[in-house]
Structure formats: C-alpha cells, structure tokens
*Asks:* 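The structure under discussion is supplied below as structure tokens; questions concerning it will follow.
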2 protein chains.
Amino acid sequence: MSSSRQRGFGTGDQSEGRPAKRVSLQTVGRLSVYRKVLEELYRDGAEFIHSHQLAGLVGVSPAQLRRDLASFGSFGNIARGYNVYQMSRTISRILGTDESQNVALFGVGDLGRALLSYRGFEERGFHIAAAFDVDPEKVGRVYAGRRCYHTDKLEEVLPEFDVHMAILASRPEGLQLLTDRICAAGVQGILNFVPKRVTVPAGCFVEETDITSKLEMLSFLARSDQVHDGEELESAGPGEPVAQDMTG
Amino acid sequence: MSSSRQRGFGTGDQSEGRPAKRVSLQTVGRLSVYRKVLEELYRDGAEFIHSHQLAGLVGVSPAQLRRDLASFGSFGNIARGYNVYQMSRTISRILGTDESQNVALFGVGDLGRALLSYRGFEERGFHIAAAFDVDPEKVGRVYAGRRCYHTDKLEEVLPEFDVHMAILASRPEGLQLLTDRICAAGVQGILNFVPKRVTVPAGCFVEETDITSKLEMLSFLARSDQVHDGEELESAGPGEPVAQDMTG
DNA sequence: TGTCGGCTGTGATTGTATTCACAGTAGCCC
DNA sequence: GGGCTACTGTGAATACAATCACAGCCGACA
Ligand SMILES: NC(=O)c1ccc[n+]([C@@H]2O[C@H](COP(=O)([O-])OP(=O)(O)OC[C@H]3O[C@@H](n4cnc5c(N)ncnc54)[C@H](O)[C@@H]3O)[C@@H](O)[C@H]2O)c1
Ligand SMILES: NC(=O)c1ccc[n+]([C@@H]2O[C@H](COP(=O)([O-])OP(=O)(O)OC[C@H]3O[C@@H](n4cnc5c(N)ncnc54)[C@H](O)[C@@H]3O)[C@@H](O)[C@H]2O)c1
C-alpha cells in the first residue's frame with residue numbers, strides 16, 4: 001500500500017541483507033510535513049522552535065519528532081531548540097528538493113490537466129517539464145505552458161529534460177509496459193494515480209495513490225465507530241462474525 | 001500522515017483505554033486492495049482462491065493475508081481456500097461499501113471537476129451526490145450531472161442527500177471552519193486534498209492526500225538509493241552528517 | 001469408508017516503530 | 001562566573017506489526 005521496491009512474488013525471500021541502518025518510510029513522510037509547517041513558521045518570522053511546539057503543530061509526539069530528526073544527525077540547539085530556517089533547508093536537502101527537479105506527466109486527461117495547472121508542485125521543488133499522451137488530439141498541444149508529446153517519444157524527450165520522476169495519470173491498459181519503458185529511460189520515482197498495480201526494477205520506486213481506497217478506509221472507520229458502544233464489529237469473536245459462512 | 005481521530009495537542013494523554021482489540025488501519029488498507037483484485041478474479045470466472053495465490057497477486061505474504069482476514073472472523077474453506085465472490089462481498093460489507101453511499105465535494109476547481117468526472121468512484125460504491133463552491137460563476141451550474149450548491153447551504157443540502165462523507169478540494173483559507181461545519185452536519189469521513197491540516201471532533205476521521213509529499217518521498221528514495229554503494233546518507237554517523245550545524 | 005495432502009487459522013516468535021525517561025548541557029539570569 | 005532551567009539526543013522499555021510454524025481439519029480420491 002505504499003512505496004515498494006520490486007518485490008518477489010509468492011515467497012518473498014528476505015535475504016540480500018543490507019548492512020546499514022535504514023530510515024523508515026514513515027519517518028520520511030513526516031519529514032515532509034515538518035518542512036511544510038516550518039516554512040509557514042518561517043514566513044511568520046519564527047526563528048527557533050522546540051520539539052514539543054512543532055510536534056503539537058503537526059500532530060506527532062515530541063519524542064517521535066526528535067527521533068525522526070536524530071536519524072539524520074544531530075542538529076538542534078539544546079537550550080533554544082531547532083533553528084526554523086536551517087531545519088527547513090536541511091530537510092529539503094535530505095528529501096532532495098533543495099533544487100527544483102523535473103517531472104514527466106503521462107496522460108493529459110481530466111486529472112492530468114488538473115495536475116498541470118497545480119501550483120503546489122513548483123512551490124515545493126517539482127516542475128512538470130513535459131507531458132505525454134497518445135491521443136492525436138492532445139499531442140502537439142500546449143497545456144499550461146507545457147508541450148504534450150507522444151508517448152512513443154519518451155525515450156528521446158525524458159533525457160532532454162533531465163527527468164528522473166514521473167506521474168502516471170493515463171489508463172490501466174498497457175500500464176506495465178509503459179512503466180517498464182519509463183524506468184528504462186532513467187526514471188527512478190513513479191507516482192501512480194492509475195488504479196492498477198505496477199512493478200518496477202530494483203532501484204526504482206512506485207508510490208500508489210488510490211483515492212477510492214482512502215474513501216473505503218474512511219467508510220470503514222466511520223462505520224466501525226458507530227457500533228463502538230454496541231458490540232458488533234470490534235474483532236472476530238466466534239458468535240456470528242461480520243463474515244457470513246462461506247463454506248458453501 | 002494518515003487517518004486520525006482528534007488528537008490532543010502537545011502532551012497527548014494516552015489514557016481513555018478502549019477495551020476491545022482493534023483492527024489496524026494498514027489491515028483496512030490492504031482489505032481494499034484484496035477486494036479490487038478479487039473483483040477482477042471474479043470477472044475472470046475464478047471461484048476459489050488460496051491465500052498464497054491471492055497474496056502473490058497483491059504483493060503481500062500469505063500469512064499476512066490470512067491474518068488480515070482472520071481479524072474479522074474465520075471464513076475460508078480449509079481445503080478449497082476462499083470463495084472469491086463471497087470474500088469480495090464480505091470485504092465490501094466490512095468496509096461499508098456494499099451499498100453505494102453518497103459523498104459531497106467541496107471546491108469545483110480543476111481538481112474538483114476531475115473528481116466529478118471520475119468513474120472509479122461509482123464502480124466502487126461511492127457517489128458524489130452534491131458539489132459545493134463559493135464562486136458565483138459556479139454555483140447553480142451542473143457538472144457531470146451534479147448540481148453545484150453554495151457552500152453556505154451545506155447544512156440544508158447534506159441531510160437532503162444523506163451524505164456522511166466529504167471530499168475537500170477547495171482552498172486553504174477558512175478550511176478549518178468549513179471542516180467544522182461539515183462535521184457538525186453529520187459527516188464522519190473527510191478526504192482532504194488541500195495541503196492544510198485540519199482537526200476533527202471525536203467520531204470523525206480525516207484522510208490527508210498530499211500529493212507533493214508523495215513526490216518528496218520518492219525523491220528521497222531515489223536519491224538515497226543512488227548513494228547506497230557509497231556511504232553518504234544511510235544514517236547519522238558523527239562524521240559530517242547530512243545536517244549541517246545549526247547551533248548558530 | 002479410510003487415508004493422505006495441503007490448506008487455514010492461530011499461538012509463538014521475531015522484527016520494527018514509538019514512547020519513556022533521563023544524562024548531559026547550552027543559555028540565561030543574577 | 002556560577003547556578004538553575006528546561007531542552008535535546010538517546011538507551012531502555014513498551015507497543016505494535018509481520019512472519020513462522022504447526023495442529024487440526026476438509027475434501028479428494030481410491
Ligand atoms: N479524478 C480523476 O479523474 C481520477 C481520480 C483518481 C484516479 N484517476 C485515474 O487517473 C487516470 C487518469 O484519469 P482521467 O480522469 O484523467 O482519465 P481520462 O480518460 O480523462 O484521461 C486519460 C488520458 O490518458 C491518455 N492515455 C492513454 N494511454 C496512454 C499512454 N500509454 N500514454 C500516455 N497517455 C495515455 C488518454 O489519451 C487520456 O488522454 C485514470 O486511470 C483514472 O482511473 C482519475
Ligand atoms: N492537481 C491539482 O489541481 C491539485 C493537486 C493536489 C492538491 N490540490 C489542492 O486541491 C485544492 C483544489 O485544487 P484546484 O486546482 O482545483 O484549485 P482551484 O483554485 O482551481 O479550485 C478551488 C475551488 O475551490 C473553491 N472554493 C474556495 N473556497 C471554498 C469554500 N469555502 N467552499 C467551497 N469551495 C470553495 C474556489 O471557488 C475554486 O473553485 C487546492 O487546495 C489545491 O492545493 C490540487
């Protein structure tokens with residue numbers, strides 16, 4: 001349900017042990033949030049902030065915040081806390097967004113066009129440099145300043161723009177093939193909006209963004225909350241579980 | 001970084017211990033994936049499937065799949081495996097999507113219109129029943145069959161459509177106030193696309209969908225992968241960490 | 001009808017993320 | 001300059017998630 005390097009099928013062999021301690025993805029996700037809040041604080045003129053203050057703002061425990069930061073080294077002044085500006089810069093450097101990087105978009109449909117017009121990317125260090133589609137109506141046109149190329153040309157265009165990240169907003173059909181080509185062309189990170197799982201070679205990463213799945217989680221939470229005081233869902237319990245008998 | 005019930009600020013007191021065993025959010029997220037794959041299998045005519053087969057298809061371990069399902073009761077025939085159709089239905093029931101439910105959309109901008117035209121919601125049990133905006137240009141118009149109401153009218157319109165879930169695709173300004181009103185009007189689940197954190201009362205849930213944050217994670221992963229063979233990022237280590245000194 | 005193979009559901013175990021709690025210290029104030 | 005305050009960074013402890021491994025069972029097949 002989240003970023004994954006290529007994973008073996010069936011029996012996922014756990015070997016290939018890397019020596020070094022690794023930072024968890026959840027930590028990285030939180031770093032991103034920290035930085036967002038830090039930038040607001042900086043705009044408001046804050047110079048230093050303590051772990052418990054920042055933690056309160058982003059909704060994590062102070063200990064977790066300190067642990068997250070500590071996994072990248074020890075910055076932070078013992079008595080004054082963390083320097084807002086420096087910490088924001090440092091997180092950018094860790095995330096690799098201290099310099100703007102180019103991204104390619106595949107699929108200029110309703111969603112793709114919304115993404116092309118979204119300003120939030122630029123603000124946080126990403127630039128959609130090129131768009132791709134297969135629809136002859138769209139190829140050659142310019143959307144929000146970006147030219148739309150035919151997907152067949154990706155091998156030429158991606159290096160030209162120095163692109164190493166891609167957003168998939170096309171269609172499920174042929175998605176794996178498209179992904180293979182994109183990875184072969186040097187893309188290392190793929191953000192996938194298409195509700196179809198893809199696999200990538202080692203060294204590449206996919207992040208799935210299944211919106212409907214999030215709605216389903218919310219539906220579950222809302223529903224299970226309703227029955228809390230009663231005794232229906234909660235957990236298994238042999239006496240009439242949620243699941244009806246399936247042995248038939 | 002994910003769904004959260006209202007959380008205390010600063011010192012989050014950990015008390016209010018609920019007695020019952022609770023299903024983890026990650027389990028729920030995977031259920032959603034299982035169901036998607038099961039529906040494809042059902043369309044392909046499959047009748048029964050074993051945990052290791054389904055696990056292979058969705059990319060989890062067989063043990064985890066069985067554990068996930070077992071937390072809702074024990075279905076699954078020991079010798080034949082799981083009944084594809086029944087299991088799909090059962091998961092729908094668990095998630096609360098066995099009957100279509102109405103959703104409200106706030107903000108009919110580029111993203112909002114893309115969501116309105118998205119067919120994936122209907123296919124999986126969600127119906128955007130009403131849209132809201134504050135722009136006089138948009139209020140009163142019909143988008144993909146759905147009328148756009150003024151946000152001021154939400155207290156009247158939401159009950160009318162029996163809405164208990166909402167999608168936020170408006171603007172950061174006033175978002176908390178909007179959220180408060182939505183929750184007060186009976187909405188229990190909120191999917192938030194606006195890059196601004198909101199808090200909700202107990203019994204309500206928010207799911208954040210920060211696209212840029214996902215790109216940042218990918219950027220980190222791609223970058224850290226590059227230096228793996230070297231010895232730069234990896235982890236702290238006192239000798240010149242990623243973070244520069246911030247004590248100034 | 002009896003035997004066997006292979007699967008599920010689950011206790012036990014391992015692994016990982018988070019929290020606790022405190023030693024050590026930088027800054028501040030007098 | 002010395003003492004006090006309250007914060008950071010981190011080992012230890014806890015909580016939580018994933019995996020292992022197997023008892024017990026079902027259905028197939030003879
Ligand atoms: N709100 C939304 O629209 C929404 C929400 C969540 C997920 N998604 C998913 O995102 C994807 C795009 O959604 P959409 O609403 O824009 O769909 P769409 O049908 O409007 O657009 C898809 C575009 O992709 C193009 N395309 C097809 N194959 C391609 C290829 N090989 N290379 C490049 N372009 C290709 C098509 O020509 C089309 O222009 C879909 O898979 C959809 O399921 C959409
Ligand atoms: N691709 C994208 O467009 C994209 C991607 C990720 C996140 N987002 C976020 O989603 C939100 C919407 O994006 P967009 O591109 O559609 O922006 P947009 O500016 O095109 O649309 C925003 C719409 O919200 C309306 N609005 C403002 N206040 C409102 C209120 N109180 N109630 C109801 N409607 C209100 C505005 O009138 C406008 O029509 C933004 O916050 C944006 O940051 C957008």
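A, B, ... follow the sequence lines: proteins, then strands. Residue 1 opens every chain. Quick caveat, the model's predicted, so the values are computed rather than measured.
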*Asks:* Does C:dT18 have its OP1 or OP2 closer than 4.0 Å to a side-chain nitrogen or oxygen of A:Q26?
*Replies:*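 So the side chain of A:Q26 is within the cut-off, an N or O lying under 4.0 Å from OP1 or OP2 of C:dT18.
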
*Asks:* In whole Å, I'd like the distance from the CD atom of A:Q86 to the C1' atom of D:dT8.
*Replies:*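 Value for this atom pair: 17 Å.
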
*Asks:* Judged by atom type as modelled, is there a donor-acceptor pair below 3.5 Å linking the side chain of B:S92 to the main-chain atoms of B:S88?
*Replies:*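 Looks like yes, one N/O pair under 3.5 Å.
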
*Asks:* Crowded around A:F121 CZ? As in, over 12 foreign heavy atoms under 6.0 Å?
*Replies:*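 Yes, enclosed.
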
*Asks:* Side chains of residues 164-173 of chain A: which donor-acceptor pairs under 3.5 Å do they make with residues two or more places apart or in other chains?
*Replies:*
| residue | atom | partner | partner atom | Å |
| --- | --- | --- | --- | --- |
| A:H164 | ND1 | A:G186 | O | 3.0 |
| A:H164 | NE2 | A:D162 | OD1 | 3.1 |

*Asks:* What's the separation between atom CZ in A:R89 and atom CD in A:Q86, rounded to the nearest 0.5 Å?
*Replies:*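 It comes to 8.0 Å.
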
*Asks:* Give the rounded distance in Å between these two atoms: CG of B:D68 and P of D:dT19.
*Replies:*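 From B:D68 CG to D:dT19 P: 10 Å.
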
*Asks:* Quickly work out the A:L25 CG to D:dA17 P distance and round it to whole Å.
*Replies:*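 A:L25 atom CG is separated from D:dA17 atom P by 17 Å.
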
*Asks:* To the nearest Å, how far apart are A:F48 CZ and C:dA26 P?
*Replies:*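 Value for this atom pair: 14 Å.
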
*Asks:* Calculate the interatomic distance between A:L65 atom CG and C:dC20 atom P; express it in whole Å.
*Replies:*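 It works out to 15 Å between those atoms.
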
*Asks:* Within a reach of under 6.0 Å around OH of A:Y42, are more than 12 heavy atoms found that belong to other residues, nucleotides or ligands?
*Replies:*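 No - once you tally the heavy atoms of other residues, nucleotides and ligands closer than 6.0 Å, there are 12 at most.
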
*Asks:* Report, as a single string ordered 5' to 3', how protein heavy atoms within less than 4.0 Å touch nucleotides 1-12 of chain C: B base, S sugar-phosphate only, - not at all.
*Replies:* -----BBBBBBB

*Asks:* Using whole Å, report how far CD of A:Q64 lies from C1' of C:dA21.
*Replies:*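 The answer, rounded to whole Å, is 17 Å.
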
*Asks:* With rounding to the nearest 0.5 angstrom, report the CG to CG distance, A:L215 to A:D210.
*Replies:*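 Going from CG on A:L215 over to CG on A:D210, the span is 9.5 Å.
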
